[in-house]
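Structure first, commentary second.
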Protein chains: 2
Amino acid sequence: MLMQNAQTISLSHPAKPLRQWTAPDSGRSGLSAFEALGVPVSYTRNEEIFGDGEPAEYVYQVVSGAARTYKVLNDGRRQIGAFYLPGEVFGLGVGDAHHYSAEAIGKSSLLVVKRSALIALAETDHKVAHLLWTLTAQELQRVQEHMLLLIRSAQERVACFLLEMAERMAEADVIDLPMSRQDIADYLGLTIETISRTLTQLETAAAISVPTCRRIVLTNRKALKRLHA
Amino acid sequence: MLMQNAQTISLSHPAKPLRQWTAPDSGRSGLSAFEALGVPVSYTRNEEIFGDGEPAEYVYQVVSGAARTYKVLNDGRRQIGAFYLPGEVFGLGVGDAHHYSAEAIGKSSLLVVKRSALIALAETDHKVAHLLWTLTAQELQRVQEHMLLLIRSAQERVACFLLEMAERMAEADVIDLPMSRQDIADYLGLTIETISRTLTQLETAAAISVPTCRRIVLTNRKALKRLHA
DNA sequence: CGAGGTATTGACGGCTCTCAAGTCTGGTGG
DNA sequence: CCACCAGACTTGAGAGCCGTCAATACCTCG
């Protein structure tokens, strides 16, 4: 999928070089401003980063580990909106309150940036303003792609999820998932049983292998992509 | 839902003639710039406004009528991302290409604004820059809400859809839907048969009445809200 | 080695899709 | 003004996919 590329590229994971379709320098210089304002903070497994409805004081960039954003419906079900991997930014809305919650998935380190500082900077530096807009638009595109997933079959959802994670992580065929089956289920709008059964089906079909439950090897990407959008 | 309110307010509801917010109100000067750049264009029923993958030259604001954005999956299914009613803006992404298609639902009039002009203006006028960001963030929030719909039951999806349309249209109990059952189905990730059956169920349960197939009366909002998020 | 959380597997049921009639509605032309 | 037609909508019957409930296996950490 395109959006993950865009997001990763634009935010420039320190380890990854930049390549992008927006202006080559505007993203980078804005980003350096972003990083200059940030303070690293550590979080433990399942620790809350912010809660639904809380004032949106900060914006976050993952340094190491991973985070999830989610919303709990009135019937108790949890929908995960997104997973955030190193280099990616979250918590950036326009209102003064978050409209979802965020947690660290495992032991993680985040760069924490004061929202007001970013916005103040955007008033004078239009590169920062453009960065805020770009980040929000990339998030929009990501959510739109995610929405398309939710109307597909279980096999298609899981296959797309694996391909997406492979692209965003090492871009190797071996994926070490930071999240549990329950997280995957809540991200894809399925149950853990269906996730588990589907992974078994894909393994039986020789599209993947699952050496341990957190490690998945894509042995036949073409078979997976056949299920893709 | 909050976002529709925010969006409507920000863009000036059609009940107020568009020309009025060119008034030198400093808080809305960004919008007046937006409107000053726009040219009204007429579209006929089902006419394409832009196609998936086309260069994103323009941004659109509905004056009268309604529009839908959608994406066609490789299996031929169509997912409608959003409906746009008078006063609402669409077509605003950050890349230089649209990543979905847009059509007029019925005979419609749109204000068409050159994207490059908006972006150029944002370089010097940070209120315009803030407007672009705000519009994008509101769209993001709308899509996030939409995503939550797609994991719910058919009854809940239809009930939420009706409440949403009621809020965005007259905010009366009588809704005149601009779109067909097929449009609703593709918006909610259901089939037309399920839409039809669900409306019948809601009517039987005395939550709504359906005098004609495009007109729906909310006779018991509390019953509908019980199915809400 | 034991315990508790996590993941897998199985049986069954329900919700929604599919396929297939019917019915209504809105627009057109006589 | 009315009859007619095509598309849109409704309703029904059956099937399939996924959710639920339950039991078992696995893995991690004390």
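Sequence lines set the chain letters: A, B, ... in the order given, protein chains first and strands last, and positions in each chain run from 1.
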Earlier contact from the 5' end, DNA chain D, for B:V210 and A:P211: B:V210
Indicate, yes or no, whether a donor-acceptor pair under 3.5 Å links the base of [N] to the side chain of [X].
X      : N      : answer
B:R197 : C:dT18 : yes
A:R214 : D:dT28 : no
A:E193 : D:dC21 : yes

A:L199 or B:T212, whichever maps to the more 5' nucleotide of DNA chain C: A:L199
B:S153-B:E156 side chain donor-acceptor pair, cut-off 3.5 Å: yes
Exercise: do B:Y70 and B:E103 side chains pair donor with acceptor under 3.5 Å: yes
If the cut-off is 4.0 Å, is [X] near the phosphate of [N], judged by side-chain N/O to OP1 or OP2?
X      : N      : value
B:T194 : C:dC17 : yes
B:S196 : D:dC9  : no
B:T191 : C:dT18 : no
B:T200 : D:dT11 : yes
B:R181 : D:dT10 : yes

Under-4.0 Å salt bridge between A:R142 and A:E139: yes
Nucleotide of D:dG19, D:dT11, C:dT8 approaching A:C213 most closely (side-chain heavy atoms): C:dT8
Nearest to side-chain heavy atoms of A:S180, which nucleotide of C:dA7, C:dT9, C:dC17: C:dA7
Sugar-phosphate, base or nothing in reach of B:R45, heavy atoms under 4.0 Å: sugar-phosphate
Sugar-phosphate, base or nothing in reach of A:I195, heavy atoms under 4.0 Å: nothing
Plane angle bin for A:Y60 and A:H98 - parallel if under 30°, tilted between 30 and 60°, otherwise perpendicular: tilted
